[in-house]
Amino acid sequence: MKESLMEIPCKNNHYFQNWSQTYSCKPELYFEPRCTDDLRVILLEAKQLKKKVKVVGGGLSPSDIACTNHFMISMKLFNKILEIDKTNCVITVESGVTIYQLNNHVLPSNGLALSNMGSVSGQCVGGIIGTGTHGTGGNFGSFASCVLEVTFMISDGSIIKCSKEKNGELFQAVCCHLGLLGIILVVKIQCEPAFKLHLKQASGLLEDNLVDLKSLISQSQHFRFFWFPHTGSSESVRRSDRVFTFDCLFKQYVTEWAIPQQNTVTVLRKMREWIIANSHVKVHFPVEVRFVKQDGIMLAPSGDEDVTYIGIISFRPYGKIVPHDEWWNFFENLATEYGGKPHWAKAHKVKADDFRRMYPKFDRFMEIRRQLDPTCMFWNDYWRRVMGKDGFHMVAPEKQRL
Ligand SMILES: Cc1cc2nc3c(=O)[nH]c(=O)nc-3n(C[C@H](O)[C@H](O)[C@H](O)COP(=O)(O)OP(=O)(O)OC[C@H]3O[C@@H](n4cnc5c(N)ncnc54)[C@H](O)[C@@H]3O)c2cc1C
(Lines give C-alpha, C1' and ligand atoms only; values in the text may rest on other atoms or scores of the structure.)
Protein backbone atom coordinates (compact mmCIF):
# COMPACT_ATOMS: atom_id res chain seq x y z
CA MET A 1 0.00 0.00 0.00
CA LYS A 2 1.30 3.45 -0.92
CA GLU A 3 1.91 5.79 1.95
CA SER A 4 3.07 9.06 0.46
CA LEU A 5 2.20 11.33 -2.40
CA MET A 6 5.66 10.74 -3.90
CA GLU A 7 4.65 7.18 -4.80
CA ILE A 8 1.69 8.25 -6.93
CA PRO A 9 2.43 9.36 -10.50
CA CYS A 10 1.47 12.99 -10.99
CA LYS A 11 2.19 15.99 -13.21
CA ASN A 12 3.04 19.49 -12.09
CA ASN A 13 2.55 21.18 -15.45
CA HIS A 14 -0.93 20.03 -16.40
CA TYR A 15 -3.15 22.53 -18.17
CA PHE A 16 -6.88 21.87 -17.87
CA GLN A 17 -9.41 23.45 -20.19
CA ASN A 18 -13.12 22.65 -20.25
CA TRP A 19 -14.73 21.39 -23.44
CA SER A 20 -16.14 24.81 -24.33
CA GLN A 21 -12.70 26.39 -23.82
CA THR A 22 -14.32 29.01 -21.62
CA TYR A 23 -12.41 28.14 -18.40
CA SER A 24 -8.99 26.76 -17.72
CA CYS A 25 -6.65 26.21 -14.81
CA LYS A 26 -3.16 24.98 -13.99
CA PRO A 27 -3.41 22.62 -11.04
CA GLU A 28 -0.36 22.50 -8.81
CA LEU A 29 -0.46 18.70 -9.06
CA TYR A 30 -2.55 16.56 -11.40
CA PHE A 31 -3.19 12.90 -10.62
CA GLU A 32 -4.59 9.96 -12.53
CA PRO A 33 -4.96 7.48 -9.66
CA ARG A 34 -5.59 3.80 -10.28
CA CYS A 35 -7.12 2.63 -7.02
CA THR A 36 -8.82 3.78 -3.85
CA ASP A 37 -5.55 3.56 -1.90
CA ASP A 38 -4.06 6.18 -4.24
CA LEU A 39 -7.09 8.40 -3.70
CA ARG A 40 -6.85 8.05 0.06
CA VAL A 41 -3.18 9.04 0.07
CA ILE A 42 -3.92 12.10 -2.07
CA LEU A 43 -6.75 13.22 0.23
CA LEU A 44 -4.80 12.69 3.43
CA GLU A 45 -1.73 14.50 2.12
CA ALA A 46 -3.88 17.29 0.72
CA LYS A 47 -5.35 17.73 4.17
CA GLN A 48 -1.92 17.94 5.76
CA LEU A 49 -0.68 20.38 3.16
CA LYS A 50 -3.94 22.40 3.37
CA LYS A 51 -4.61 21.91 -0.34
CA LYS A 52 -7.97 21.83 -2.05
CA VAL A 53 -8.85 18.87 -4.24
CA LYS A 54 -11.05 18.85 -7.34
CA VAL A 55 -12.08 15.73 -9.16
CA VAL A 56 -12.60 16.07 -12.88
CA GLY A 57 -14.67 13.74 -15.03
CA GLY A 58 -15.04 14.40 -18.75
CA GLY A 59 -14.35 18.15 -18.30
CA LEU A 60 -17.53 19.00 -20.18
CA SER A 61 -19.05 21.43 -17.70
CA PRO A 62 -19.29 24.80 -19.42
CA SER A 63 -18.60 26.59 -16.10
CA ASP A 64 -15.49 26.42 -13.91
CA ILE A 65 -17.14 23.98 -11.51
CA ALA A 66 -14.37 21.41 -12.12
CA CYS A 67 -11.42 23.84 -12.03
CA THR A 68 -8.74 24.20 -9.37
CA ASN A 69 -5.22 25.50 -9.00
CA HIS A 70 -4.53 23.08 -6.15
CA PHE A 71 -4.77 19.28 -6.62
CA MET A 72 -6.77 17.92 -9.55
CA ILE A 73 -7.75 14.26 -9.75
CA SER A 74 -8.87 12.74 -13.02
CA MET A 75 -10.93 9.57 -12.69
CA LYS A 76 -10.16 8.39 -16.22
CA LEU A 77 -8.49 5.17 -14.95
CA PHE A 78 -11.51 4.32 -12.83
CA ASN A 79 -13.18 3.05 -15.96
CA LYS A 80 -14.10 -0.54 -15.20
CA ILE A 81 -17.46 -2.19 -15.60
CA LEU A 82 -17.85 -4.08 -12.34
CA GLU A 83 -21.07 -5.97 -12.87
CA ILE A 84 -23.76 -6.45 -15.48
CA ASP A 85 -26.97 -7.97 -14.19
CA LYS A 86 -28.85 -8.66 -17.40
CA THR A 87 -31.86 -10.15 -15.62
CA ASN A 88 -32.59 -6.97 -13.71
CA CYS A 89 -31.02 -4.62 -16.27
CA VAL A 90 -28.67 -3.18 -13.65
CA ILE A 91 -25.03 -2.24 -14.23
CA THR A 92 -22.40 -1.33 -11.67
CA VAL A 93 -19.60 0.82 -13.00
CA GLU A 94 -16.66 2.88 -11.82
CA SER A 95 -17.24 6.61 -11.91
CA GLY A 96 -14.76 7.34 -14.70
CA VAL A 97 -16.75 5.30 -17.21
CA THR A 98 -18.17 7.58 -19.88
CA ILE A 99 -21.68 7.54 -21.28
CA TYR A 100 -20.02 7.00 -24.68
CA GLN A 101 -18.29 3.87 -23.37
CA LEU A 102 -21.60 2.56 -22.06
CA ASN A 103 -23.50 3.37 -25.27
CA ASN A 104 -20.91 1.89 -27.58
CA HIS A 105 -18.96 -0.81 -25.80
CA VAL A 106 -21.05 -2.09 -22.94
CA LEU A 107 -24.80 -1.80 -23.15
CA PRO A 108 -25.76 -2.82 -26.75
CA SER A 109 -23.73 -6.03 -26.61
CA ASN A 110 -25.58 -6.95 -23.44
CA GLY A 111 -29.00 -6.10 -24.82
CA LEU A 112 -29.31 -3.06 -22.57
CA ALA A 113 -29.70 0.71 -22.91
CA LEU A 114 -29.86 3.78 -20.69
CA SER A 115 -33.43 5.03 -20.33
CA ASN A 116 -32.58 8.65 -21.01
CA MET A 117 -29.53 10.86 -21.36
CA GLY A 118 -28.31 14.35 -22.24
CA SER A 119 -27.41 15.54 -25.71
CA VAL A 120 -23.78 14.41 -25.65
CA SER A 121 -22.02 11.34 -24.32
CA GLY A 122 -18.54 12.46 -23.25
CA GLN A 123 -19.51 12.86 -19.60
CA CYS A 124 -18.30 10.42 -16.97
CA VAL A 125 -20.78 8.71 -14.70
CA GLY A 126 -19.31 10.58 -11.70
CA GLY A 127 -19.67 13.92 -13.48
CA ILE A 128 -23.12 13.32 -14.89
CA ILE A 129 -24.52 12.84 -11.39
CA GLY A 130 -22.48 15.84 -10.23
CA THR A 131 -24.53 18.57 -11.84
CA GLY A 132 -28.10 17.32 -12.30
CA THR A 133 -27.46 16.40 -15.94
CA HIS A 134 -30.74 15.73 -17.69
CA GLY A 135 -32.24 14.60 -20.96
CA THR A 136 -35.85 15.25 -21.83
CA GLY A 137 -39.19 13.54 -21.27
CA GLY A 138 -42.28 14.46 -19.27
CA ASN A 139 -42.00 11.21 -17.32
CA PHE A 140 -38.25 11.20 -16.79
CA GLY A 141 -36.28 12.80 -13.96
CA SER A 142 -32.68 13.90 -14.30
CA PHE A 143 -30.12 11.21 -15.25
CA ALA A 144 -29.46 10.43 -11.58
CA SER A 145 -33.03 9.26 -11.10
CA CYS A 146 -31.83 5.97 -12.68
CA VAL A 147 -29.10 5.63 -10.06
CA LEU A 148 -29.69 2.91 -7.49
CA GLU A 149 -26.59 3.11 -5.34
CA VAL A 150 -23.50 5.30 -5.02
CA THR A 151 -20.21 4.50 -3.31
CA PHE A 152 -17.92 7.42 -2.57
CA MET A 153 -14.86 8.40 -0.58
CA ILE A 154 -15.15 11.34 1.77
CA SER A 155 -12.44 13.79 2.74
CA ASP A 156 -11.02 11.66 5.59
CA GLY A 157 -10.48 8.72 3.20
CA SER A 158 -13.34 6.59 4.44
CA ILE A 159 -15.82 5.05 2.05
CA ILE A 160 -19.62 5.44 2.22
CA LYS A 161 -22.24 3.51 0.30
CA CYS A 162 -25.78 4.83 0.04
CA SER A 163 -29.00 4.09 -1.79
CA LYS A 164 -32.68 4.92 -1.46
CA GLU A 165 -32.98 2.19 1.13
CA LYS A 166 -29.68 2.77 2.94
CA ASN A 167 -28.97 6.30 4.12
CA GLY A 168 -31.70 7.75 1.90
CA GLU A 169 -31.17 11.45 2.64
CA LEU A 170 -27.47 11.25 1.86
CA PHE A 171 -28.35 9.38 -1.34
CA GLN A 172 -30.67 12.21 -2.40
CA ALA A 173 -27.81 14.64 -1.79
CA VAL A 174 -25.14 12.63 -3.60
CA CYS A 175 -27.31 12.19 -6.70
CA CYS A 176 -26.52 15.85 -7.46
CA HIS A 177 -23.29 16.09 -5.48
CA LEU A 178 -21.86 19.21 -7.16
CA GLY A 179 -18.35 17.87 -6.59
CA LEU A 180 -18.68 18.86 -2.93
CA LEU A 181 -19.36 15.66 -1.01
CA GLY A 182 -16.42 13.43 -1.87
CA ILE A 183 -14.98 11.32 -4.66
CA ILE A 184 -17.56 9.21 -6.43
CA LEU A 185 -16.12 5.73 -6.90
CA VAL A 186 -18.84 3.36 -8.04
CA VAL A 187 -22.37 3.89 -9.34
CA LYS A 188 -25.11 1.32 -9.82
CA ILE A 189 -27.47 2.27 -12.63
CA GLN A 190 -30.89 0.95 -13.55
CA CYS A 191 -30.93 0.39 -17.31
CA GLU A 192 -33.59 -1.18 -19.48
CA PRO A 193 -33.70 -3.67 -22.34
CA ALA A 194 -32.19 -2.12 -25.49
CA PHE A 195 -34.82 -0.22 -27.41
CA LYS A 196 -35.25 1.77 -30.53
CA LEU A 197 -36.86 5.17 -30.63
CA HIS A 198 -39.07 6.41 -33.36
CA LEU A 199 -37.64 9.84 -34.11
CA LYS A 200 -40.02 12.35 -35.60
CA GLN A 201 -38.62 15.72 -36.52
CA ALA A 202 -40.75 18.44 -37.95
CA SER A 203 -40.41 22.13 -38.41
CA GLY A 204 -43.18 24.39 -37.33
CA LEU A 205 -43.98 27.68 -35.77
CA LEU A 206 -42.95 28.24 -32.20
CA GLU A 207 -46.44 29.44 -31.42
CA ASP A 208 -47.99 26.13 -32.56
CA ASN A 209 -45.77 24.32 -30.07
CA LEU A 210 -46.66 26.72 -27.31
CA VAL A 211 -50.39 26.48 -27.82
CA ASP A 212 -50.25 22.70 -27.75
CA LEU A 213 -47.37 22.27 -25.34
CA LYS A 214 -48.97 20.11 -22.66
CA SER A 215 -50.23 17.53 -25.10
CA LEU A 216 -46.94 17.52 -27.03
CA ILE A 217 -45.04 16.74 -23.82
CA SER A 218 -47.38 13.92 -22.92
CA GLN A 219 -47.70 12.46 -26.42
CA SER A 220 -44.05 11.49 -26.86
CA GLN A 221 -41.66 9.83 -24.47
CA HIS A 222 -38.86 12.34 -25.04
CA PHE A 223 -40.33 15.51 -26.44
CA ARG A 224 -37.93 18.39 -27.02
CA PHE A 225 -37.85 21.21 -29.44
CA PHE A 226 -35.22 23.44 -30.91
CA TRP A 227 -36.37 26.89 -31.59
CA PHE A 228 -34.97 28.05 -34.93
CA PRO A 229 -36.40 28.79 -38.34
CA HIS A 230 -36.05 27.23 -41.77
CA THR A 231 -35.74 23.51 -41.08
CA GLY A 232 -37.18 20.74 -43.24
CA SER A 233 -39.10 17.75 -41.83
CA SER A 234 -37.63 14.32 -41.34
CA GLU A 235 -38.53 11.02 -39.71
CA SER A 236 -36.46 7.92 -38.96
CA VAL A 237 -35.97 5.01 -36.56
CA ARG A 238 -32.51 4.72 -34.97
CA ARG A 239 -30.82 3.07 -32.02
CA SER A 240 -31.89 4.87 -28.84
CA ASP A 241 -28.53 6.42 -27.88
CA ARG A 242 -28.12 7.75 -31.43
CA VAL A 243 -31.43 9.57 -31.15
CA PHE A 244 -30.71 11.04 -27.71
CA THR A 245 -27.30 12.46 -28.60
CA PHE A 246 -26.37 14.85 -31.39
CA ASP A 247 -23.38 16.81 -32.59
CA CYS A 248 -23.24 20.12 -30.70
CA LEU A 249 -21.01 21.40 -33.52
CA PHE A 250 -18.83 24.27 -32.32
CA LYS A 251 -17.36 25.67 -29.13
CA GLN A 252 -19.97 27.77 -27.46
CA TYR A 253 -21.05 29.81 -24.46
CA VAL A 254 -24.07 28.20 -22.93
CA THR A 255 -26.49 28.84 -20.12
CA GLU A 256 -29.50 26.75 -19.28
CA TRP A 257 -32.25 27.32 -16.74
CA ALA A 258 -34.93 25.05 -15.38
CA ILE A 259 -38.22 26.88 -14.96
CA PRO A 260 -41.44 25.53 -13.46
CA GLN A 261 -43.20 23.81 -16.32
CA GLN A 262 -46.34 25.94 -16.07
CA ASN A 263 -44.29 29.05 -16.94
CA THR A 264 -42.84 27.66 -20.17
CA VAL A 265 -45.19 29.33 -22.61
CA THR A 266 -44.97 32.76 -20.97
CA VAL A 267 -41.19 32.67 -20.80
CA LEU A 268 -40.73 31.57 -24.42
CA ARG A 269 -43.18 34.22 -25.65
CA LYS A 270 -41.32 36.89 -23.70
CA MET A 271 -38.02 35.69 -25.17
CA ARG A 272 -39.47 35.97 -28.65
CA GLU A 273 -40.82 39.47 -27.97
CA TRP A 274 -37.41 40.54 -26.71
CA ILE A 275 -35.59 39.16 -29.74
CA ILE A 276 -37.96 41.02 -32.06
CA ALA A 277 -37.63 44.27 -30.09
CA ASN A 278 -33.83 44.00 -29.91
CA SER A 279 -32.91 43.22 -33.48
CA HIS A 280 -29.42 44.70 -32.97
CA VAL A 281 -28.63 41.66 -30.79
CA LYS A 282 -27.50 38.67 -32.82
CA VAL A 283 -29.07 35.73 -31.04
CA HIS A 284 -27.61 32.37 -32.00
CA PHE A 285 -29.77 29.32 -32.27
CA PRO A 286 -31.08 26.78 -31.51
CA VAL A 287 -32.74 27.51 -28.22
CA GLU A 288 -33.13 24.01 -26.77
CA VAL A 289 -36.27 23.25 -24.79
CA ARG A 290 -36.55 20.05 -22.74
CA PHE A 291 -38.79 18.65 -20.08
CA VAL A 292 -37.86 16.89 -16.85
CA LYS A 293 -40.11 15.32 -14.27
CA GLN A 294 -39.86 16.05 -10.56
CA ASP A 295 -37.31 13.58 -9.15
CA GLY A 296 -36.94 14.42 -5.46
CA ILE A 297 -33.15 14.80 -5.71
CA MET A 298 -32.11 17.31 -3.08
CA LEU A 299 -30.39 19.94 -5.21
CA ALA A 300 -31.41 18.86 -8.70
CA PRO A 301 -33.29 21.72 -10.38
CA SER A 302 -35.99 19.10 -11.02
CA GLY A 303 -36.01 18.04 -7.36
CA ASP A 304 -39.25 19.70 -6.27
CA GLU A 305 -41.31 20.12 -9.41
CA ASP A 306 -41.71 19.26 -13.08
CA VAL A 307 -39.44 21.64 -14.96
CA THR A 308 -38.71 22.85 -18.45
CA TYR A 309 -35.05 23.40 -19.26
CA ILE A 310 -34.43 26.25 -21.68
CA GLY A 311 -30.87 26.44 -22.99
CA ILE A 312 -29.39 29.31 -24.99
CA ILE A 313 -26.03 29.29 -26.72
CA SER A 314 -23.65 31.64 -28.39
CA PHE A 315 -21.17 30.01 -30.75
CA ARG A 316 -17.50 30.98 -30.50
CA PRO A 317 -16.10 30.80 -34.04
CA TYR A 318 -12.34 30.12 -33.94
CA GLY A 319 -12.53 30.34 -30.11
CA LYS A 320 -13.23 34.09 -30.30
CA ILE A 321 -14.89 36.05 -27.53
CA VAL A 322 -18.36 36.75 -28.84
CA PRO A 323 -20.50 39.45 -27.19
CA HIS A 324 -23.50 37.82 -25.61
CA ASP A 325 -24.09 39.71 -22.34
CA GLU A 326 -27.23 41.56 -23.37
CA TRP A 327 -29.09 38.39 -24.39
CA TRP A 328 -27.70 36.46 -21.42
CA ASN A 329 -28.69 39.15 -18.89
CA PHE A 330 -32.19 39.40 -20.29
CA PHE A 331 -32.65 35.63 -20.28
CA GLU A 332 -31.24 35.10 -16.79
CA ASN A 333 -33.42 37.89 -15.33
CA LEU A 334 -36.47 36.52 -17.09
CA ALA A 335 -35.81 32.96 -15.93
CA THR A 336 -35.28 34.23 -12.37
CA GLU A 337 -38.53 36.22 -12.49
CA TYR A 338 -40.40 33.07 -13.48
CA GLY A 339 -38.99 30.84 -10.76
CA GLY A 340 -36.00 29.48 -12.72
CA LYS A 341 -32.91 27.75 -11.38
CA PRO A 342 -29.64 27.61 -13.34
CA HIS A 343 -28.12 24.34 -14.48
CA TRP A 344 -25.31 23.71 -12.01
CA ALA A 345 -22.80 22.94 -14.73
CA LYS A 346 -23.42 25.97 -16.89
CA ALA A 347 -22.27 29.55 -16.43
CA HIS A 348 -24.45 31.57 -14.04
CA LYS A 349 -24.14 34.45 -11.57
CA VAL A 350 -26.42 33.09 -8.86
CA LYS A 351 -25.22 33.34 -5.25
CA ALA A 352 -25.95 31.35 -2.11
CA ASP A 353 -28.81 33.57 -0.86
CA ASP A 354 -30.68 33.10 -4.12
CA PHE A 355 -30.01 29.36 -4.09
CA ARG A 356 -31.45 29.27 -0.57
CA ARG A 357 -34.66 30.77 -1.95
CA MET A 358 -34.68 28.36 -4.89
CA TYR A 359 -33.94 25.21 -2.90
CA PRO A 360 -35.64 24.63 0.46
CA LYS A 361 -32.97 22.07 1.27
CA PHE A 362 -29.95 24.12 0.20
CA ASP A 363 -28.76 24.67 3.77
CA ARG A 364 -29.38 21.04 4.65
CA PHE A 365 -27.23 19.95 1.68
CA MET A 366 -24.48 22.32 2.82
CA GLU A 367 -24.72 20.95 6.35
CA ILE A 368 -24.32 17.40 5.00
CA ARG A 369 -21.40 18.72 2.96
CA ARG A 370 -19.85 20.29 6.05
CA GLN A 371 -20.11 17.06 8.01
CA LEU A 372 -18.52 15.04 5.21
CA ASP A 373 -15.87 17.62 4.39
CA PRO A 374 -15.31 19.91 7.39
CA THR A 375 -12.17 21.52 5.93
CA CYS A 376 -13.84 22.36 2.60
CA MET A 377 -11.32 20.23 0.76
CA PHE A 378 -13.57 19.97 -2.31
CA TRP A 379 -14.09 23.72 -2.60
CA ASN A 380 -12.91 25.76 -5.63
CA ASP A 381 -13.35 29.28 -7.06
CA TYR A 382 -16.77 28.39 -8.42
CA TRP A 383 -17.95 27.60 -4.90
CA ARG A 384 -16.17 30.59 -3.33
CA ARG A 385 -18.04 32.79 -5.80
CA VAL A 386 -21.39 31.12 -5.07
CA MET A 387 -21.03 30.94 -1.29
CA GLY A 388 -19.14 34.17 -0.69
CA LYS A 389 -16.55 34.50 2.03
CA ASP A 390 -18.88 33.08 4.67
CA GLY A 391 -19.21 29.80 2.81
CA PHE A 392 -16.36 28.15 4.63
CA HIS A 393 -17.98 28.72 7.97
CA MET A 394 -21.56 28.25 6.99
CA VAL A 395 -23.52 26.25 9.49
CA ALA A 396 -27.16 25.49 8.85
CA PRO A 397 -29.56 26.70 11.53
CA GLU A 398 -30.65 23.23 12.39
CA LYS A 399 -27.97 20.55 12.82
CA GLN A 400 -28.88 16.94 12.19
CA ARG A 401 -26.59 13.97 12.29
CA LEU A 402 -26.22 11.98 9.07
C1 LIG B 1 -21.64 20.13 -25.68
C2 LIG B 1 -22.27 19.88 -24.32
C3 LIG B 1 -23.54 19.35 -24.26
C4 LIG B 1 -24.14 19.14 -23.01
N5 LIG B 1 -25.41 18.61 -22.98
C6 LIG B 1 -26.04 18.50 -21.78
C7 LIG B 1 -27.37 17.99 -21.70
O8 LIG B 1 -27.97 17.60 -22.70
N9 LIG B 1 -27.97 17.95 -20.48
C10 LIG B 1 -27.33 18.37 -19.34
O11 LIG B 1 -27.93 18.35 -18.27
N12 LIG B 1 -26.04 18.81 -19.38
C13 LIG B 1 -25.40 18.88 -20.56
N14 LIG B 1 -24.11 19.32 -20.59
C15 LIG B 1 -23.42 19.53 -19.30
C16 LIG B 1 -22.77 18.22 -18.82
O17 LIG B 1 -23.66 17.12 -18.89
C18 LIG B 1 -22.39 18.41 -17.34
O19 LIG B 1 -21.50 19.47 -17.26
C20 LIG B 1 -21.73 17.15 -16.73
O21 LIG B 1 -21.61 17.36 -15.33
C22 LIG B 1 -20.37 16.90 -17.34
O23 LIG B 1 -19.86 15.68 -16.87
P24 LIG B 1 -18.27 15.50 -16.80
O25 LIG B 1 -17.98 14.07 -16.54
O26 LIG B 1 -17.63 16.15 -17.94
O27 LIG B 1 -18.00 16.31 -15.43
P28 LIG B 1 -16.98 17.52 -15.17
O29 LIG B 1 -17.42 18.70 -15.95
O30 LIG B 1 -15.61 17.03 -15.31
O31 LIG B 1 -17.30 17.76 -13.61
C32 LIG B 1 -18.59 18.21 -13.21
C33 LIG B 1 -18.63 18.22 -11.67
O34 LIG B 1 -18.58 16.89 -11.17
C35 LIG B 1 -17.43 16.71 -10.33
N36 LIG B 1 -16.96 15.34 -10.57
C37 LIG B 1 -16.75 14.72 -11.75
N38 LIG B 1 -16.44 13.43 -11.54
C39 LIG B 1 -16.44 13.22 -10.19
C40 LIG B 1 -16.19 12.13 -9.33
N41 LIG B 1 -15.88 10.92 -9.81
N42 LIG B 1 -16.26 12.33 -8.00
C43 LIG B 1 -16.57 13.53 -7.48
N44 LIG B 1 -16.82 14.62 -8.23
C45 LIG B 1 -16.76 14.46 -9.57
C46 LIG B 1 -16.47 17.82 -10.71
O47 LIG B 1 -15.63 18.16 -9.63
C48 LIG B 1 -17.44 18.94 -11.03
O49 LIG B 1 -17.88 19.55 -9.84
C50 LIG B 1 -23.46 19.50 -21.81
C51 LIG B 1 -22.17 20.03 -21.89
C52 LIG B 1 -21.57 20.23 -23.13
C53 LIG B 1 -20.19 20.78 -23.20
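Atoms within a ligand are numbered from 1 in the order they appear, just like the ligands themselves.
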Look only at interatomic distance and state if [X] has a nitrogen or oxygen under 3.5 Å from any nitrogen or oxygen of ligand 1.
{"X": "I183", "answer": "no"}
{"X": "G57", "answer": "yes"}
{"X": "C124", "answer": "yes"}
{"X": "G58", "answer": "yes"}

Do the side chains of [X] and [Y] get close enough for a salt bridge, i.e. N-O under 4.0 angstrom?
{"X": "R370", "Y": "E367", "answer": "yes"}
{"X": "E207", "Y": "R272", "answer": "yes"}
{"X": "R290", "Y": "E256", "answer": "yes"}
{"X": "D354", "Y": "K351", "answer": "no"}

Under a 4.0 Å heavy-atom limit, does Q123 contact ligand 1 with its side chain, its backbone, both, or neither?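 Within the 4.0 Å criterion, Q123 contacts ligand 1 through backbone and side-chain atoms alike.
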
Give the contacting part of L180 toward ligand 1: side chain, backbone, both or neither, where contact means a heavy-atom distance below 4.0 Å.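 Contact part for L180 vs ligand 1: neither.
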
Is ligand 1 less than 4.0 angstrom away from at least one heavy atom of [X]?
{"X": "R290", "value": "yes"}
{"X": "G135", "value": "no"}
{"X": "M117", "value": "no"}
{"X": "Q252", "value": "no"}

Under 3.5 Å: donor-acceptor pair, side chain of Q17, backbone of S24: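 Looks like no, no N/O pair under 3.5 Å.
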
List ligand 1 atoms under 4.0 Å from A345, heavy atoms only on the residue side. 18 (C), 19 (O)

What atoms of ligand 1 come within less than 4.0 Å of a heavy atom belonging to S119?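 Counting from 1, the qualifying ligand atoms are 7 (C), 8 (O).
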
Verify the ring-centre separation between W344 and W383: is it less than 6.0 angstrom?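 Under 6.0 Å, so yes.
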
Ring centres under 6.0 angstrom apart (F31, H14):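 Aromatic pair excluded; centres sit 6.0 Å or further apart.
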
